[in-house]
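Here the structure comes first, spelled out in structure tokens, and everything after it is commentary.
Here is the naming used below: chain letters follow the sequence lines, and residue numbers restart at 1 for every chain.
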Amino acid sequence: MGLRVYNTLSGNKEEFIPVEPGKVKMYVCGVTVYDHCHIGHARANVVFDVIYRYLGHLGLQVTYVRNYTDIDDKIINRANREGVTFDVISERFIKEFDRDMERLGLKLPTCQPRATEHIPEIISLVQTLIDKGFAYQAGGDVNFCVEKFDSYLKLSGRSLEDMQAGARIEVDERKRHPMDFALWKEAKPGEPFWESPWGKGRPGWHIECSAMSMKYLGTTFDIHGGGKDLIFPHHENEIAQSEAATGKPFVNYWLHNGFVNINSEKMSKSLGNFFTIKEVLDKYDNEVLRFFLLSAHYRSPIDFSDQNLSEAEAGLERIYKALAAVEEALGGAEFAGAALDAATLGEAERELFEKATTLVTRFHEAMDDDFNTALAIAHVFDLVRCVNRVLSETAEGKDRIGTLCALVKGEVAKIAGVLGVFSSEPVGFLERLKSRKAGNLDIAVEEIELLIAERTAARKAKDFKRSDEIRDQLAARNIVLLDSPQGTTWSVK
RNA sequence: GGCGGCGUAGCCAAGUGGUAAGGCAGAGGUCUGCAAAACCUUUAUUCAGCGGUUCAAAUCCGCUCGCCGCCUCCA
């Protein structure tokens, strides 16, 4: 059974069949660069990054285009507020966006076009729509005529009549139909502009995506993605513009990710309940955020809260602890390809062998079912339990344990490369987490270590009263001690 | 008002016809001087409620209740 994806257009999961066998062309709406990105942007971009990686992992040759909307009312407004030109704002936030995405571990798309670098293509597309009678000039504006496009609203499943019933429509005298939308906007005095057949102006919001996606991916391509909130009007309008211009289907599969909620409510700028990626990464590790975002199915809403992030952190830590133990049992040796005779394995070892060798298969089953990353992650936890069991039952490293561990390491690495988590060096990751937590402590690391030394001496002298005193004292400050034959280590609660 | 989605254990979360994954938290046990970590066992006779279809439903259909989203810029 191959890949199946939920297509917003049909409202069903469908078998994924690319236009051109072996190749996938995918476009995802990027950001309007007028402010810092929030975790809603993080989710959308992480989700499509995983989809991008998975398609590549399946052996498909993926062309992934993600745009920057670098000209828009909001950018102009901010530029005016700050007394700079619009490109100062867009450049600044493009850099911010790039940095945020890098921290979240995103692979670079094949191409990241900007609206302002495609003005000729946009003008040409608008002209085609006018020529074909789908658009009309109104002063210096050019509007798309929704009534001319029969299948308008097929993506969101509405009708023009229904839309009007409850909507308060501001009357724009120059629009023939209240739902008509701008392809080209006349420049007001002082606004940035480009020359066009209709005078000085700039592109409307939706046209750039049609122009750029078709330029890089062709008139009909495979996947178009974005947040659910883009379904209407943005994607609806993209379909109208593109299909009216070419007379061909624009996109075969529309994929939309769910929202990030705060207390079960949509996070948005207008509600003021948003967190920027930066703020979140000040508090949590990059990989913890990514792991959290992948712990639910991409179409479900996900609730952002301290508790949920902390749980994600605990879960990821558990996985890395197991990976660190695997690394240790391996003793630095590489997998020699030594054959494991299942008959000689103990029960726990056999289960581990089984879970490890089927991990990638189960991962594919999960991902083939509309990119079920939550299930994929559950399979990893499954394996972790088996690893821990085998290692806790085995006093010292035997050859076959090393071989098993090498197997586990290799199989986990395969899926880590797709999910973009679990690929840090385990001990390094755990140290990173520890020092991050230690940064929030009200006690210096040196002091902790002095106390541990004192406690070790006390324990040696069997002065358990004093040793427990020290442990309690540290526990009160969120420090947990772990005694082992190799000595005492500490971690932050 | 129109359209759409959701409601699974204390919490998070998979599961779309075959008898409830996984994680966090909790309880008991092993280990330990005692702990911690890890492991083992355990925690939903039940999937918002009520009906219906079926040999069989969390899964399909209908109704009710509750929550949310879109219809205006928004990932």
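- Base pairing of A9(B) is not made with any nucleotide, judged by Watson-Crick or G-U wobble geometry with both donor-acceptor distances under 3.5 Å.
- A donor N or O paired with an acceptor N or O is not found under 3.5 Å between the base of C40(B) and the side-chain atoms of Arg389(A).
- Here the two rings, on His224(A) and Tyr27(A), have centers that are under 6.0 Å apart.
- When both pairing distances are held under 3.5 Å, G69(B) makes a Watson-Crick or G-U pair with C3(B).
- Searching all strands for a Watson-Crick or G-U wobble partner of A14(B) with both distances below 3.5 Å returns nothing.
- Judged by distance alone, with hydrogens and angles left aside, Asn261(A) brings no side-chain donor or acceptor close enough to the base of C68(B) to form a pair under 3.5 Å.
- Looking at heavy-atom distances under 4.0 Å, Asp382(A) makes contact with sugar-phosphate atoms alone, never a base.
- Heavy atoms of Asn372(A) sit under 4.0 angstrom from primed sugar atoms or phosphate atoms, though from no base atom.
- Distance check: His235(A) NE2 to Cys29(A) SG gives 3.5 Å after rounding to the nearest 0.5 Å.
- Note on Asn308(A): only backbone sugar-phosphate atoms sit closer than 4.0 angstrom, heavy atoms only; bases stay farther off.
- Within the nucleic acid shown, Leu481(A) comes within 4.0 Å of at least one base atom, counting heavy atoms only.
- Between Arg385(A) and the phosphate of C39(B), there is no side-chain N or O to OP1/OP2 separation shorter than 4.0 Å.
- Listed nucleotides: C24(B), C34(B), A75(B). Nearest to the side chain of Phe259(A): A75(B).
- With RNA chain B read from its 5' end, the first of the two nearest nucleotides for Ile302(A) and Lys74(A) is the one closest to Ile302(A).
- Taking atom CG of Asp370(A) as the reference point, atom P of A14(B) lies 12 Å away to the nearest angstrom.
- For the pair Lys228(A) and Phe259(A), the cation-pi criterion (under 6.0 Å, within 45° of the ring axis) is not fulfilled.
- At a threshold of 4.0 angstrom between heavy atoms, the contacts of Gly227(A) are confined to the sugar-phosphate backbone, with no base atom among them.
- Among the protein residues, Val28(A) comes within range of no part of the nucleic acid, since none of its heavy atoms lies under 4.0 Å from any strand.
- Remark: A38(B) base-pairs with U30(B). Criterion, Watson-Crick or G-U wobble with two distances under 3.5 Å.
- Here Gly258(A) lies in heavy-atom contact (under 4.0 Å) with a base.
- Summarising the geometry, the separation between OH on Tyr52(A) and C1' on A75(B) is reported as 19 Å, rounded to the nearest angstrom.
- As rounded to whole Å, 14 Å separates atom C1' of G5(B) from atom CG of Asn12(A).
- One N or O donor and one acceptor, one from the side chain of Arg459(A) and one from the base of G33(B), sit under 3.5 Å apart.
- Here Ala44(A) lies in heavy-atom contact (under 4.0 Å) with sugar-phosphate atoms only.
- Within the nucleic acid shown, Arg66(A) has no heavy atom closer than 4.0 Å to any nucleic acid atom.
- Position along RNA chain B of the nearest nucleotide to Asp483(A) versus Ser300(A) favours Ser300(A) as the more 5'-ward residue.
- Across all strands shown, U46(B) forms no Watson-Crick or G-U wobble pair with both distances under 3.5 Å.
- Among the protein residues, Phe232(A) comes within range of the sugar-phosphate backbone only, with heavy atoms under 4.0 Å from sugar or phosphate atoms but none that close to a base.
- Residue-to-nucleotide contacts include a donor-acceptor pair under 3.5 Å from the side chain of Arg158(A) to the base of C70(B).
- In this structure, Asp468(A) reaches the bases: a heavy-atom distance under 4.0 Å links it to at least one base atom across the strands shown.
- One N or O donor and one acceptor, one from the side chain of Arg471(A) and one from the base of A35(B), sit under 3.5 Å apart.
- For the pair Lys266(A) and C70(B), the criterion of a side-chain N or O lying under 4.0 Å from OP1 or OP2 is met.
- Here the options are Thr358(A), Val326(A), Leu352(A), Ile415(A), the test is side chain to side chain contact (heavy atoms under 4.5 Å, CB included), and the partner is Leu383(A); only Leu352(A) passes.
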- Go through the steps for Phe250(A) and Ser213(A) under the test side-chain contact (heavy atoms from CB on, under 4.5 Å), then give the verdict. CA-CA 10 Å; Phe250(A) 177 44; Ser213(A) 59; 3.5 Å; yes
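- Closest to the side chain of Ala374(A), from the set A37(B), A14(B), G23(B), is A14(B).
- Closest to the side chain of Ala296(A), from the set G22(B), A14(B), C11(B), is A14(B).
- Nucleotide U54(B): unpaired (no Watson-Crick or G-U wobble partner with both distances less than 3.5 Å).
- A salt bridge is defined here as a Lys NZ or Arg NE, NH1 or NH2 lying under 4.0 Å from an Asp or Glu carboxylate O, and Asp35(A) with Lys74(A) fails to meet this definition.
- Neither OP1 nor OP2 of A13(B) sits under 4.0 Å from any side-chain N or O of Arg299(A).
- Heavy atoms of His297(A) sit under 4.0 angstrom from primed sugar atoms or phosphate atoms, though from no base atom.
- Side-chain N or O atoms of Tyr320(A) include one that pairs as donor or acceptor with a backbone N or O of Ser424(A) at under 3.5 Å.
- Remark: the separation of the P atoms in C47(B) and A20(B) is 12 Å, to the nearest Å.
- We find that the ring of Phe381(A) and the base of G22(B) do not stack by the test of centres under 5.5 angstrom and planes tilted less than 30°.
- Between G15(B) and U72(B), the distance separating the two C1' atoms is 37 Å to the nearest Å.
- Arg290(A) is listed as a side-chain neighbour of Asp49(A), based on a closest heavy-atom distance under 4.5 Å.
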